[in-house]
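Note that the structure is a prediction, hence the values are computed from the model and not measured.
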Amino acid sequence: MTQAQAHAEKIDFIWSVKEVLRDHYRRHQYGEVILPLCMVRRLDCELADTKDKVVTRASTIKGDLDRHADVLAHVADHPFYNTSQFTFEKLLDDPEHIVENVYDYLQGFSPNARFALDKFGIDSHIEKMGEADILFMVIQRFAGIDLHPDTVSNLEMGYIYEHLIRVNAELSNEEAGEHFTPREVIHLMVILLFADEDQLLTPGKIATIYDPACGTGGMLSVAEDYLKDKNPKARLHLFGQEIQPESYAICQSDMMMRNEQAARIVCGDSFTQDGFEGEKFDYMLANPPYGKDWKTIEKDIKQERASKGFAGRFGAGLPSTSDGQILFLQQMISKMQPVEDGGSRIGIVMNGSPLFSGDAGSGLSEIRRWIIENDRLE
């Protein structure tokens with residue numbers, strides 16, 4: 001079996017859980033159950049090798065286990081852990097108490113993992129599936145797939161997450177492109193982003209990279225893997241922001257498994273809740289949503305432009321409220337390092353609209369003119 005076939009087989013198996021959910025959830029709601037439980041199963045497999053040691057160590061601790069998170073994470077050999085006696089396999093040993101045991105299992109996760117899971121609102125689904133008497137069958141399905149890192153790499157896991165999100169978006173009549181960027185496109189962007197950067201090959205090189213619309217973190221992960229392949233002794237610190245709670249949660253879990261600081265991924269609107277205000281980055285890349293209007297945040301953006309001008313992010317102008325792609329580019333430009341500090345490089349995917357539409361003197365035209373006149377375009 002080829003890697004592509006194995007990858008497709010895993011996705012089909014995971015998505016087959018919909019057969020259990022069919023009479024109790026609408027089609028567009030399948031992902032609300034499948035995505036978080038896929039993430040939990042990945043964490044479960046990731047922790048399998050040290051789970052018994054963590055449970056034993058937790059049993060010796062008196063009081064609030066969360067106060068000893070660093071100790072338990074050290075025992076787990078991961079930035080996260082689970083202190084519950086249960087695993088997916090052990091949950092199947094007691095069908096009569098499946099609901100209580102699943103709650104116990106989820107509460108056993110470390111605070112950082114629980115924070116990510118809470119973004120899915122998973123507790124309400126556990127209760128609903130328990131009342132419908134399908135929770136055991138759903139857990140049984142997920143227990144039947146091996147998502148251990150030795151079997152499924154971080155790269156492949158990223159593909160699986162993004163494929164599931166894309167399928168769910170299609171069922172919800174959303175634009176799938178908002179949720180998925182082909183890895184081939186990302187790889188090309190990363191090659192261009194790091195082109196002619198000889199200093200990246202310096203042993204011990206440390207750099208930062210930022211994505212203001214990071215989704216599940218695919219672009220950041222590919223960039224890190226590419227640099228590690230070229231220079232194993234380099235260190236790329238990953239920063240990102242994502243507005244969709246589900247994508248943010250998946251990105252958080254991926255960062256934890258990569259031993260990255262989860263706090264560097266922020267949930268919220270990049271424009272109205274800039275998680276990295278005043279910070280600068282060496283590299284930036286993004287695939288912002290195409291044709292998405294920004295009418296709901298128009299007041300905030302116009303207020304920032306009026307009060308801060310070029311000291312803020314939008315001094316060069318504003319596009320039509322029907323498409324906010326170029327706002328992301330302005331956000332990234334505002335976070336470029338000064339030239340005297342080495343400067344920054346940006347890679348962004350956009351369709352033709354921000355590049356060519358808008359008459360002379362319009363917001364889009366003025367933004368493009370400012371970018372060219374200030375030598376920001378390569």
Look up atom [atom1] in [X] and atom [atom2] in [Y], then write down how far apart they are to the nearest 0.5 Å.
{"X": "R57", "Y": "D52", "atom1": "CZ", "atom2": "CG", "value": "15.5 Å"}
{"X": "Q85", "Y": "N101", "atom1": "CD", "atom2": "CG", "value": "7.0 Å"}
{"X": "I372", "Y": "R376", "atom1": "CD1", "atom2": "CZ", "value": "13.0 Å"}

Donor-acceptor pair between [X] and [Y] side chains, under 3.5 angstrom:
{"X": "Q330", "Y": "R313", "answer": "no"}
{"X": "Q107", "Y": "Y103", "answer": "no"}
{"X": "N154", "Y": "S221", "answer": "no"}
{"X": "D77", "Y": "T50", "answer": "no"}
{"X": "T216", "Y": "E162", "answer": "yes"}
{"X": "T272", "Y": "D300", "answer": "no"}
{"X": "T151", "Y": "D146", "answer": "yes"}

Exercise for review: Kindly indicate, with the supporting measurements, whether the criterion ring pair (Phe, Tyr, Trp, His ring centres under 6.0 Å) is fulfilled by Y210 and F276.
Suggested key: CA-CA 10 Å; Y210 165 69; F276 305 99; 5.6 Å; yes
Is it true that [X] and [Y] have a side-chain N and a carboxylate O under 4.0 angstrom from each other?
{"X": "E224", "Y": "K230", "value": "no"}
{"X": "E378", "Y": "R345", "value": "yes"}
{"X": "E89", "Y": "R41", "value": "yes"}
{"X": "R369", "Y": "E366", "value": "yes"}
{"X": "D274", "Y": "K335", "value": "yes"}
{"X": "D118", "Y": "R114", "value": "no"}

Verify the ring-centre separation between F239 and F281: is it less than 6.0 angstrom?
-> yes
Above 12 or not: heavy atoms from other molecules or residues under 6.0 Å from NE2 of H68? yes
Around atom NE2 of H148, are there more than 12 heavy atoms from other residues, nucleotides or ligands closer than 6.0 Å?
yes
message = Would K128 pass as a cation-pi partner of Y25, given that its NZ or CZ must be under 6.0 Å from the six-membered ring centre and within 45 degrees of the axis?
response = yes
Give the C-alpha distance, both sets of side-chain angles, the deciding distance and a yes or no for side chain to side chain contact (heavy atoms under 4.5 Å, CB included) between V190 and D225. CA-CA 10 Å; V190 170; D225 292 341; over 6 Å; no
Check your understanding: Is there a side chain to side chain donor-acceptor pair (under 3.5 Å) between T321 and D293 once you walk through the steps?
Key -> CA-CA 5 Å; T321 55; D293 74 60; over 6 Å; no
Looking only at heavy atoms, the pair that brings L135 and G130 closest together is CB-N, 4.1 Å
Please step through side chain to side chain contact (heavy atoms under 4.5 Å, CB included) for the pair N287 and I348, ending with a clear verdict.
CA-CA 6 Å; N287 179 15; I348 186 169; over 6 Å; no
Just do the ring pair (Phe, Tyr, Trp, His ring centres under 6.0 Å) check on F109 and Y105 with the steps written out, would you?
CA-CA 7 Å; F109 276 108; Y105 172 65; 5.3 Å; yes
* Below 4.5 Å, heavy atoms only, C-beta onward: do I61 and L72 meet side chain to side chain? -> yes
- Task: With the side chain counted from C-beta on, respond yes when S253 and E46 share a heavy-atom pair under 4.5 Å apart, and no when they do not.
- Result: no
